[in-house]
Colleague: 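Could you have a look at this structure, given as structure tokens, before my questions?
Numbers restart at 1 for each chain; the letters A, B, ... are given by sequence-line order, proteins then strands. Hydrogens, waters and symmetry mates play no part in the numbers below; they use all other heavy atoms, side chains included.
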4 protein chains.
Amino acid sequence: MFRLDEQSKIPKYEQLAEEIKDLIFVKVINSNEKLPSIRALSKEIMINPNTVQKSYHQLENQGYLYSIKGKGYYVAPIDMNQIEQRIENELKPEFFRLLQRAKHFGLSKKEILEWLRQVELD
Amino acid sequence: MFRLDEQSKIPKYEQLAEEIKDLIFVKVINSNEKLPSIRALSKEIMINPNTVQKSYHQLENQGYLYSIKGKGYYVAPIDMNQIEQRIENELKPEFFRLLQRAKHFGLSKKEILEWLRQVELD
Amino acid sequence: MFRLDEQSKIPKYEQLAEEIKDLIFVKVINSNEKLPSIRALSKEIMINPNTVQKSYHQLENQGYLYSIKGKGYYVAPIDMNQIEQRIENELKPEFFRLLQRAKHFGLSKKEILEWLRQVELD
Amino acid sequence: MFRLDEQSKIPKYEQLAEEIKDLIFVKVINSNEKLPSIRALSKEIMINPNTVQKSYHQLENQGYLYSIKGKGYYVAPIDMNQIEQRIENELKPEFFRLLQRAKHFGLSKKEILEWLRQVELD
DNA sequence: GTGGTCTAGACCACA
DNA sequence: GTGGTCTAGACCACT
């Protein structure tokens, strides 16, 4: 379900939180749905429970989750406007930065289009 | 010349090293050309000299730079084959990962193509 | 337990490492015995945890200690032959250098013997 | 004339200054006698002129030397009382510390006396 | 709580 | 002026 990059310099709790956030926006996990327990998830992705705890806790502080003592963590209802924002503020800039790098490496638009063709999207 | 993302969880020295590596591959800085001194660069991008040094030092260990004490850091002659490798190992996977995320967010190929159109590349 | 000379130009981490090494040779701390935690020791001798860590790390590289992540640093089994070597290579030369200086300052053997008398040794 | 320890963590300018100070106290170099020029000395002991300069400068600040522009550095008249002080404050404590270490290493007074016998002192 | 890493500022040795 | 080292504080991952 989740894949953390061991090598990355980005903290694991941050990687995990980002992935969860994506799943929420994308509605793979829906509002008021229960997340896996800290212990279960930590076992599944082979990291320390404390780290999972930190991800959940951070998402709770940011309003993406809420917790019920003794029961677990649940997805909070989300503001759908945020999706547009995230696309504009995160996805798009990252895309342009990547294309800029591709340009530096001497890639042509044609080659990028070829890559794009290889992906199923619609 | 360089722009570091203060917010990013990726260490500054790592961000900087990556940017320098790109400039070397792209031949904005050529072999045996001198890099800005540690202090000059640290002042310019407003970070601690130590952090710049760590970037330079890492690149030296990886063979991208060589240093002369009391004189400065210089670009080492590079193996151009590595460019192909970096495109395959870094750029392409990052591109696909990004498209995957875009898909999750419900973006269509058409929208991506629109973004692509906005970029000067060829 | 340890006393660092703040004034000395010798790095603190070096002073500390030397003192620890002595304690190990002298078996004040025995093989596989746990050292104080980095933070406990740093608090005790009022220096930055990083400095203690550097001492421990250096001793680990030299084979005097081994570490277990999340548990602590431990004394490695030592080769007792090294004691003789250290006496010959460190203690004795230092002693002779000191006597040489004493001579320059016009001290006589008698005065040195007087100093020696003041120390409990046997 | 001087011997610096390349390995030592003590700064070279400090090592040199200490040695010069000793020679002054011990009257190997007398009051108002001229010291070797910075360039000559730096060549002799194979270190950078700047480093010698720093030693001389420090000794001047501490009152052990005075300089005459265009001529060189000279030994200042010294207060002989300082010799006693240096013996008490430097030599003696260092001696006791060394004996303490010797004790830790299991050396007996007899062995120290044997060492002492090997040195010409009187 | 444990060890490990990143950023930072001051100082050293050298050209 | 150059690169290199030492000390320091905050944060990460894990027991």
Colleague: Where the side chain of C/Lys69 is concerned, which of E/dG3, E/dA8, F/dC12 is the nearest nucleotide?
Modeller: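 Selected nucleotide (nearest to the side chain): E/dG3.
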
Colleague: Would you kindly give the NE2-to-P distance between C/His57 and F/dT7, to the nearest whole Å?
Modeller: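 Atom-to-atom, C/His57 to F/dT7, this comes out as 15 Å.
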
Colleague: Here's a test of your reading of the structure: between B/Lys54 and C/Lys71, which maps to the more 5' nucleotide of DNA chain E?
Modeller: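 Residue closer to the 5' terminus by nearest nucleotide: C/Lys71.
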
Colleague: Side chain of C/Thr51: nearest nucleotide among E/dC6, F/dT7, E/dT5?
Modeller: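 Selected nucleotide (nearest to the side chain): F/dT7.
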
Colleague: Between C/Ile38 and B/Ile10, which residue's closest nucleotide on DNA chain E lies nearer the 5′ terminus?
Modeller: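 Looking at DNA chain E, the more 5' nearest nucleotide goes with C/Ile38.
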
Colleague: With a 4.5 Å heavy-atom cut-off, do D/Leu4 and D/Glu19 have their side chains touching?
Modeller: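 In contact.
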
Colleague: Within the modelled atom types, does a donor on one side and an acceptor on the other bring the side chain of B/Arg39 and the base of F/dG3 under 3.5 Å apart?
Modeller: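 Result: at least one qualifying N/O pair found.
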
Colleague: Considering only E/dG3, F/dT7, E/dC6, which nucleotide approaches the side chain of C/Gln53 most closely?
Modeller: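 Of E/dG3, F/dT7, E/dC6, E/dG3 is nearest to the side chain of C/Gln53.
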
Colleague: Can you tell me the base-pairing partner of E/dC14? Count Watson-Crick or G-U wobble geometry only, both distances below 3.5 Å, and say none if there is no partner.
Modeller: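 Paired with F/dG1.
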
Colleague: D/Asn48 has a side chain; which of F/dT7, E/dT7, E/dC14 sits nearest to it?
Modeller: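 The nucleotide sitting nearest to the side chain is E/dC14.
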
Colleague: What is the distance, rounded to the nearest whole Å, between atom NZ of C/Lys34 and atom P of E/dG1?
Modeller: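 Roughly 13 Å, once rounded to whole Å.
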
Colleague: Would you mind classifying the nucleic acid contact of C/Lys9 as base, sugar-phosphate or nothing, using non-hydrogen atoms under 4.0 angstrom?
Modeller: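 C/Lys9: backbone/sugar contact only, no base atoms under 4.0 Å.
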
Colleague: Without decimals, in angstroms, what is the distance between B/Met46 CE and E/dG9 C1'?
Modeller: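 B/Met46 atom CE is separated from E/dG9 atom C1' by 15 Å.
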
Colleague: Could you tell me the separation between the OH atom of B/Tyr13 and the P atom of E/dG4, rounded to a whole number of Å?
Modeller: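 Nearest whole value for this atom pair: 16 Å.
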
Colleague: Are B/Ile47 and B/Val52 packed together at the side-chain level, in the sense that at least one heavy-atom pair is separated by less than 4.5 angstrom?
Modeller: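 Yes, close enough: below the 4.5 Å cut-off.
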
Colleague: With distance as the sole criterion, do the side chain of A/Asn50 and the base of F/dT15 form a donor-acceptor contact below 3.5 Å?
Modeller: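 Yes.
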
Colleague: Closer than 4.0 angstrom, basic N to acidic O: yes or no for B/Lys54 and B/Glu14?
Modeller: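 Between B/Glu14 and B/Lys54 there is no salt bridge, as every charged N stays at least 4.0 Å from the carboxylate O atoms.
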
Colleague: State which of E/dG4, E/dC12, F/dG4 makes the closest approach to the side chain of C/Tyr73.
Modeller: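 Ranking E/dG4, E/dC12, F/dG4 by closest atom to the C/Tyr73 side chain puts E/dG4 first.
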
Colleague: State which of F/dC12, E/dT7, E/dC14 makes the closest approach to the side chain of D/Lys12.
Modeller: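 The nucleotide sitting nearest to the side chain is E/dC14.
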
Colleague: Rounded to whole angstrom units, what separation is found between the CD atom of D/Gln7 and the C1' atom of E/dA13?
Modeller: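 The answer, rounded to whole Å, is 15 Å.
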
Colleague: Any chance you could lay out the side chain to side chain contact (heavy atoms under 4.5 Å, CB included) test for B/Phe105 and A/Glu90, step after step, and finish with the verdict?
Modeller: CA-CA 11 Å; B/Phe105 276 94; A/Glu90 295 177 26; 5.7 Å; no

Colleague: Name the residue closer to the 5' end of DNA chain F, choosing between B/Tyr56 and C/Ile47 according to the nucleotide with the nearest heavy atom.
Modeller: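 That would be B/Tyr56.
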
Colleague: Take the protein atom CD1 of C/Ile68 and the nucleotide atom C1' of F/dA13, then report the distance between them rounded to whole Å.
Modeller: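 Going from C/Ile68 (CD1) to F/dA13 (C1'), I get 17 Å.
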
Colleague: Is a side-chain N or O of B/Gln53 found less than 3.5 angstrom from the main chain of B/Ile38, in a donor-acceptor match?
Modeller: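 Not confirmed, B/Gln53 side chain does not pair with B/Ile38 backbone.
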
Colleague: What is the distance, rounded to the nearest whole Å, between atom CG of C/Leu41 and atom P of F/dT7?
Modeller: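 After rounding, the reported distance stands at 14 Å.
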
Colleague: Tell me whether the count of non-hydrogen atoms from other residues, nucleotides or ligands lying under 6.0 Å of NE2 in A/His104 goes above 12.
Modeller: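 Yes, NE2 of A/His104 has more than 12 neighbouring heavy atoms, counting only those of other groups under 6.0 Å.
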
Colleague: Could you state the CD-C1' distance from D/Gln15 to E/dC12, rounded to the nearest angstrom?
Modeller: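 To the nearest whole Å, that distance equals 12 Å.
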
